[in-house]
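One structure is given here, and the rest of the page talks about it.
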Amino acid sequence: MGAQKKGATARVSEDSEVVAHHPLQAILLADSFTTKFRPITLERPRVLLPLVNIPMIDYTLAWLESAGVEEVFVFCCAHSKQVIGYLGSSEWSSKPDFSVTTIEANDSISAGDALRLIYERQVIDGDFVLISGDTVSNMSLTQALEEHKERRKRDANAIMTMVVQQSKPSPITQQSRLGTDELFMAINPDTKQLLYYEDKAEYSKGFISLDKTLIADNPSIILHNDKQDCYIDICSEEVLSLFTDNFDYQHLRRHFVKGLLVDDIMGYKIFTHEIHSSYAARIDNFRSYDTISKDIIQRWTYPFVPDILCGSSAIKLERQGIYRASDVTLSRSAQVGSFTVIGQGTTIGNNTKISHSVIGEGCSIGSNVTIEGSYIWNDVTIEDGCKLSHAIVCDGVTMKLGAVLEPGVVLSFKVVVGEQFVVPAYSMVSLIQQPTQQDSDEELEYADNSSGIVEVPSDKLNGEISSDLSNTQYGPTPELGTGGVGYIWSIFEGGHDEEWRHSVAPIPTDKLAKIMLDKDEDEELLTQGGNALVEELKSDSEDDDNEGSRDDYASFEKEVEATFLRAVHENVKVDHAVLEMNGLRLSYNIAAVDCAAAIFYSMMKLAVESSHSSASELHRNAVEVITTWQKLLKSFLHDIDEEIEVILKFEEICLESAKEFSPLFPQILHLLYDKEILQEDAILRWADEKEGADESDKVFLKRSEKFIQWLREAEEEEED
Amino acid sequence: MDFQVVVLAGGNSKNLAPLVSKDVPKPLLPVANRPVLYYVLHQLGQSNLKDLIVVVEGEDAALLVGSWISKTFVDGLHVEIAAVPEDIGTAGALRAISRHLTAKDILVVSGDLVSDVPPGAVAATHRRHDAAVTTMLCSVPVSGSLESGSSGGKDKTRKPGQYNIIGLDPCKQFLLHIATGAEIEKDSRLQKHILHAVGQMEIRSDLMDAHMYAFKRSVLQEVLDQKDTFQSLKQDVVPYLVRSQLKSEALLNEISQAEENGNEKLSSLNNQVLVSQILANASTPGFHEIYSMELDGSAQTRKTHKCCAYIASSSSYCVRLNSIQAFMDINRDVTGEGDHLFSDTSSDRDNIIGPSPKLGTKTTVGPHCMLGEGSEMGDKCQVKRSVIGRHCRIGSHVKIVNSVVMNHVTIDDGCIIQGSVICSNVQLQERVVLKDCLVGAGFVVTMGNEYKGETLARKEK
């Protein structure tokens with residue numbers, strides 16, 4: 001680290017004026033709260049994974065130190081012991097002007113939880129840098145900090161500055177070179193205020209809708225599709241308290257940023273700072289792991305490059321971007337190609353060819369092996385004649401004679417690949433069995449991996465697996481050929497045709513051609529859709545207006561239904577369901593009344609779809625559903641108009657989607673009244689409104705005449 | 001230049017009642033004592049665009065306009081007058097005269113545009129990019145700001161209808177999105193695939209579509225043929241072309257093949273494509289080229305067309321006469337700071353007074369005023385920031401401020417006129433006081449009446 005120190009101290013002194021009064025603090029999240037690096041992250045946290053033979057967190061910490069940060073709070077959650085252990089034994093614990101404090105929590109499931117916890121600890125007292133422990137950067141914070149402070153002085157609501165960078169996504173796959181999804185941002189070019197943020201874009205939606213008030217307020221807005229979020233944020237203290245106030249914020253971008261932009265909470269504003277010549281990127285998936293490794297090897301991240309970061313362990317940069325440690329045993333006939341890193345103590349056999357790869361420490365690679373574009377970590381044994389292309393091979397893996405890894409394969413810790421076995425492309429192989437309950441649902445992405453549940457086996461692993469191996473308790477798993485050990489994870493539904501997107505392997509050309517064709521067709525549809533829209537606009541401009549909201553509403557209704565069914569099947573508490581529905585409602589910007597109608601619709605649909613043979617059974621189903629979920633429905637019915645809407649919706653259901661209900665209309669109406677979901681005023685007003693309608697429209701009114709009669713009488717009696 | 005100009009002069013605009021009437025169709029509405037159409041024709045003549053078709057709504061109006069043009073522009077301009085039925089919209093009007101269009105490119109200008117932006121520059125931009133359509137954009141006029149106070153209130157109500165949402169590429173050359181009128185009322189939808197191709201789009205709401213378009217004739221005619229529901233250039237045709245700019249095969253390919261002279265045209269089209277590609281390769285290729293070349297090697301290449309924008313510099317003057325307020329503004333501006341529009345008066349004084357004015361004693365005519373030929377004024381009159389037409393007779397002690405008085409108006413002694421428009425042949429009897437009024441042609445205001453903010457007009461038929 002000697003060489004790097006010089007650079008670092010020079011920069012610190014440069015920045016010292018800024019931080020003179022106040023030590024600059026940073027929060028480093030040592031947990032990504034995602035599952036993108038599974039199965040590797042089942043056994044080791046993402047921040048400790050080696051990136052060009054150095055744990056990722058070292059890059060982040062080294063940058064923070066050089067950028068003038070003096071106090072770092074490392075938030076550890078998943079595998080917290082490993083992170084704390086690593087930091088304790090590393091040099092970071094003993095730096096004079098740079099304190100690294102760990103904060104441990106095992107029950108956090110999201111960045112939001114982490115920030116709430118940090119807020120409770122009250123350790124942050126001023127502006128801070130919020131960063132994830134898997135970020136590589138060499139940008140100088142000075143300017144961004146100054147801008148942030150300057151803005152804060154003028155406008156106390158400017159609470160966050162987000163660092164962005166130019167990066168145009170591929171026109172074909174619509175993903176950036178880091179493998180992240182395309183991002184749409186709207187920025188005011190003069191103030192740099194962020195006005196709109198959309199990642200996770202729904203591709204099916206061929207357009208972006210900008211709120212009209214945005215346009216009215218900002219005479220000029222630049223809409224960017226060519227920027228990348230560096231996930232480096234300069235925040236003011238308010239950010240933490242905002243997370244505490246809005247306890248449902250989980251994701252930094254999807255909830256917090258969107259929440260501030262859409263809901264306009266207290267007028268808080270987010271600004272952007274664009275970096276041009278320096279480097280900043282976050283390792284979010286296997287593809288960015290690949291991309292950023294290459295960037296590091298090609299020294300874009302200088303001074304954070306292997307030969308400087310490793311300091312004493314003397315890794316030397318040779319010609320053609322080859323980094324070689326001092327004690328590598330390299331056969332004369334072995335060919336090491338350009339942009340390759342070979343770690344200490346590694347031996348490489350005869351006629352082996354290696355290019356564009358990173359090889360860790362203590363590996364032994366046999367003869368006639370071909371390695372291309374792969375990442376091989378420490379203590380890996382590769383026997384003669386193996387072929388690896390674009391694979392990640394974790395610590396302690398053994399590849400037996402002639403085994404082959406096709407592009408995109410990930411071998412987790414200590415996997416053994418049997419002789420001559422060919423691991424198919426994009427396989428994930430681990431000693432740990434795939435968790436049976438798979439949630440491809442991204443909402444659960446963060447609720448899942450990091451929580452203690454998964455960690456239990458992994459803690460045991462290091463100790464036990466080896467003994468397990470000798471016991472051959474796992475046995476020669478047929479999955480990986482003779483003598484192979486490990487499970488090939490099946491790729492869960494939905495992800496199947498997407499695996500190439502985030503893989504280390506480059507996207508195959510036939511795939512590209514296919515996407516391109518698909519996309520063309522899609523666009524055709526979209527443009528045609530656009531035309532149809534206009535035609536409609538011509539005939540009746542109001543109609544078109546409805547069109548848009550109708551689309552939205554339809555998809556909203558679907559979402560509500562799905563959410564509701566999940567709530568039913570997973571026995572979610574009513575309160576939680578209410579929260580979830582509310583979230584949905586806000587994200588679709590739907591009025592409470594429509595939301596109530598949609599919920600009611602899903603309830604009735606559930607009742608119909610549950611098995612029933614007669615009308616009375618159906619009635620019973622309905623009673624059951626309504627009784628269980630009355631609170632959910634009730635919480636979206638605030639006034640009479642909304643209740644009337646539900647009755648109208650019910651009519652519609654009876655007429656269209658579930659005719660079985662039509663004979664039961666009065667009973668269910670009565671039920672809703674009994675359960676105090678509908679007030680009598682609502683029912684009576686509905687009846688009054690219907691009075692003037694067409695005969696055909698009055699079917700249900702007639703059916704429930706008795707009930708209404710009864711209500712009226714009851715009312716009169718009351719009045720008497 | 002192989003450019004044909006279509007001037008959409010309009011006809012009996014309802015917005016402008018009672019100023020516009022049977023006798024005075026909109027194109028002949030006087031602005032600083034000249035029909036508004038004069039300003040457009042003059043600018044076109046200056047840019048050497050002399051092959052014109054003036055489209056007027058209604059036969060009668062067409063006759064009036066025709067006779068005026070033949071009187072005024074005896075030489076220089078080659079003008080054809082075409083009459084179209086009323087209320088067929090701008091696209092409809094073009095459709096009606098479609099067969100008269102022969103040149104390679106067509107410049108379509110609204111007849112009510114008062115502007116000093118040279119149409120030639122728009123045409124040149126169009127040619128330079130080999131665009132399918134080029135739109136002239138100008139800053140939203142800040143009306144009333146020249147004169148704080150008096151008309152400020154009205155502007156605010158007018159503005160929402162005026163502003164457009166316009167998406168531009170980073171070099172501000174290409175038009176990526178345009179939304180006008182009703183579409184603005186809801187949230188804007190911006191198409192992603194265009195954004196994908198360009199990377200970033202600047203969305204401006206401080207620009208106005210000035211209704212001066214250059215079209216490639218083949219494209220224009222195809223769109224008009226195909227989309228027979230399109231009524232308005234501004235709201236249908238241009239947005240359609242902008243929307244489909246990266247997906248234009250439906251337009252350019254099939255149709256031109258279907259046309260009888262397809263072969264010839266296709267080859268010439270191909271030639272142009274080649275030339276434009278060579279030109280484009282010389283510099284960095286634009287996103288249209290990149291996008292269309294992406295598919296190289298595979299099945300087909302994408303057809304694109306370019307939609308360009310010509311953004312007038314913020315110092316230039318550009319207002320459309322489409323409301324009464326605009327009428328007032330333009331009159332004031334043309335005599336005031338936009339007086340270079342009024343090109344042929346060499347007078348360098350602040351006010352413009354016709355050749356034979358008869359002013360009484362102690363009558364003052366302030367700056368930014370215009371007094372038409374043959375008008376007479378009595379003693380002790382005051383005129384400020386107003387335009388007075390030809391052959392008006394104005395008595396003594398008359399005060400005219402911020403107003404427009406057209407021709408042959410009689411104003412008797414002691415009248416006070418503020419912020420009003422007095423049309424031709426009106427008679428104001430003694431001591432009439434008008435404030436913010438519109439007085440239609442031939443109306444007589446009887447002695448001593450006071451009106452405020454009213455519209456006075458004869459009942460028409």
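Chain identifiers are assigned alphabetically (A, B, ...) following the order of the sequence lines, protein sequences preceding nucleic acid strands; residue numbering begins at 1 within each chain.
Taking CG from Leu168(B) and CG from Leu223(A), the interatomic distance works out to 12.5 Å, rounded to the nearest 0.5 Å. To the nearest 0.5 angstrom, Ile203(B) atom CD1 is 11.0 Å from Asn188(A) atom CG. Note: Gln200(B) CD to Ile222(A) CD1 = 5.5 Å, rounded to the nearest 0.5 Å.
Contact record, Ser205(B) with Asn218(A): OG-O, 3.5 Å, taken as the closest heavy-atom pair.
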